[in-house]
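Both ligands and their constituent atoms are indexed starting at 1 by order of listing.
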Amino acid sequence: MIGIFDSGLGGLSVLATVASVLPHADLVYLADTAHVPYGDKDDAFIRSRVLRIGRHLVDQGCTVIVVACNTATAAAVDALREALPDIPVVGVEPGIKPAAIASKSGRITVLTTTATARSERLFRLIRLHAATVQVEILPCPGWATRVETLQLDDPGFVESVRSHLAPALHTGADQIVLGCTHFAFLTSALEPIVAGHAKLVDVADAVARQCVRLAGASALGHGRLTLLATAHPERLQAALPTLGLHGLTGKLAGPARLSHA
Ligand code: DGL
């Protein structure tokens, strides 16, 4: 069984891709909705949640863990790997490398939460893979909460997104990296804003390929999906159609359940 978690709905974008490449794997998705958003919390708090959820998923029988959250990966993937030495842990990090390779203008912008924006792990990723391009880190506070409340294309919000991105597009950024899994659900708002200027870069496919490499026997199950949330599990399940994830409802092993992780 593969356990996938995020602070809330964002990691569902990763879950959907993993489910499509590993159709027979049994999947557990845990949304830490009692503590969403992670992006405005301090690193020690995020780390304690990640360790607790990781251990909980292993107790449920997961043999591979996917941290479907850039913020949690930045703050705690090393600690989780140390705490669970026998479990393959897949993290999610912004697609700095593919963006740097694809950029023709030599300017890329990475959209993140506030916590990811200050993380040493992100700075390291940039030093390692984007030394020859200019990288702007653009924190986007409040965007994850928009996704949580399913207000995805509210006109006032779309306008605020447009002004937030305008300076980056104006200075020639041609790759906009989605450095938060929640932002994958904002692509219909973002696409028209960046069209003709820049491409959106998402890493969900690369994460899914890594899961295929590490899945081993967990690839072979009944293709069932269990949804868990630390608050309002019914909202997690109800969000699937709004987020365009109707396909996942057919895999549900039962109604979404409250988790005490
Ligand atoms: N989905 C998360 C990420 O990828 C976190 C968003 C949040 O909870 O602030 O960073």
Side-chain angles (χ1 to χ4, degrees), residues 3-18 29-50 52-54 65-80 89-96 99 109-123 125-126 137-152 157 161 164 176-187 189-190 200-208 210-211 227-232 235-236 239 243 245 259 261:
I4 303 177
F5 74 93
D6 180 34
S7 57
L9 302 177
L12 290 172
S13 55
V14 176
L15 167 72
T17 321
V18 173
Y29 183 83
L30 191 149
D32 194 10
T33 36
H35 303 101
V36 67
Y38 282 172
D40 62 6
K41 309 285 192 300
D42 63 47
D43 288 358
F45 179 82
I46 299 168
R47 209 171 301 125
S48 73
R49 292 305 301 152
V50 167
R52 184 163 173 150
I53 292 168
I65 304 279
V66 182
V67 184
C69 174
N70 294 260
T71 308
T73 299
V77 76
D78 290 337
L80 187 61
V89 174
V90 180
V92 176
E93 293 190 287
I96 301 286
T109 294
V110 50
L111 311 179
T112 67
T113 64
T114 307
T116 301
R118 64 165 185 255
S119 70
E120 182 47 41
R121 216 180 154 91
L122 178 59
F123 298 139
L125 199 65
I126 292 170
I137 300 170
L138 188 59
C140 304
W143 287 19
T145 303
R146 278 281 161 177
V147 174
E148 288 300 309
T149 54
L150 299 176
Q151 294 170 287
L152 304 179
F157 174 60
V161 169
H164 202 56
I176 305 290
V177 181
L178 304 180
C180 169
T181 52
H182 278 74
F183 301 168
F185 293 116
L186 296 173
T187 46
L190 288 166
L200 298 177
V201 181
D202 188 21
V203 294
D205 287 343
V207 172
Q210 179 67 350
C211 289
L227 292 180
L228 302 173
T230 53
H232 305 295
R235 286 192 206 157
L236 173 61
L243 297 175
L245 303 175
S259 162

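Of all heavy-atom pairs spanning Thr33 and Gly8, the tightest one is CG2-CA, 4.1 Å. In this structure, Asp42 and Arg118 approach most closely via the heavy-atom pair CA-NH2, 3.9 Å. Shown here for Tyr29 and Leu12, the closest heavy-atom pair between the two residues is OH-N, 3.2 Å.
Atoms of ligand 1 lying under 4.0 Å from at least one heavy atom of Cys180, given by number and element, are 1 (N), 2 (C), 3 (C), 4 (O), 6 (C), 10 (O). Near Ser7, meaning under 4.0 Å from any of its heavy atoms, are these atoms of ligand 1: 5 (C), 6 (C), 7 (C), 8 (O).
Thr116 and Thr113 are linked by a side-chain donor-acceptor pair at a separation below 3.5 angstrom, with hydrogens and angles left out of the test. Asp32 and Tyr38 form a side-chain donor-acceptor contact under 3.5 Å, judged by distance and modelled atom types alone.
Among protein heavy atoms, the minimum distance from atom 9 (O) of ligand 1 is reached at Gly39 N, 2.8 Å. Nearest protein heavy-atom contact of atom 1 (N) of ligand 1 is His182 ND1, 2.7 Å. Among protein heavy atoms, atom 2 (C) of ligand 1 sits closest to Cys69 SG, 3.1 Å. Counting protein heavy atoms only, atom 7 (C) of ligand 1 is closest to Tyr38 N, 3.3 Å.
Looking at Thr71 against ligand 1, both its backbone and its side chain come within 4.0 Å, counting heavy atoms.
Considering both main-chain and side-chain atoms, Asn70 comes within under 3.5 Å of ligand 1 through a nitrogen or oxygen pair. The shortest N or O to N or O distance between Thr113 and ligand 1 is not under 3.5 Å.
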What's the verdict on side chain to side chain contact (heavy atoms under 4.5 Å, CB included) for Leu190 and Ile176, showing C-alpha distance, side-chain angles and the deciding distance?
-> CA-CA 10 Å; Leu190 288 166; Ile176 305 290; 5.9 Å; no
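Between Asp6 and His182 there is a side-chain heavy-atom pair separated by less than 4.5 Å.
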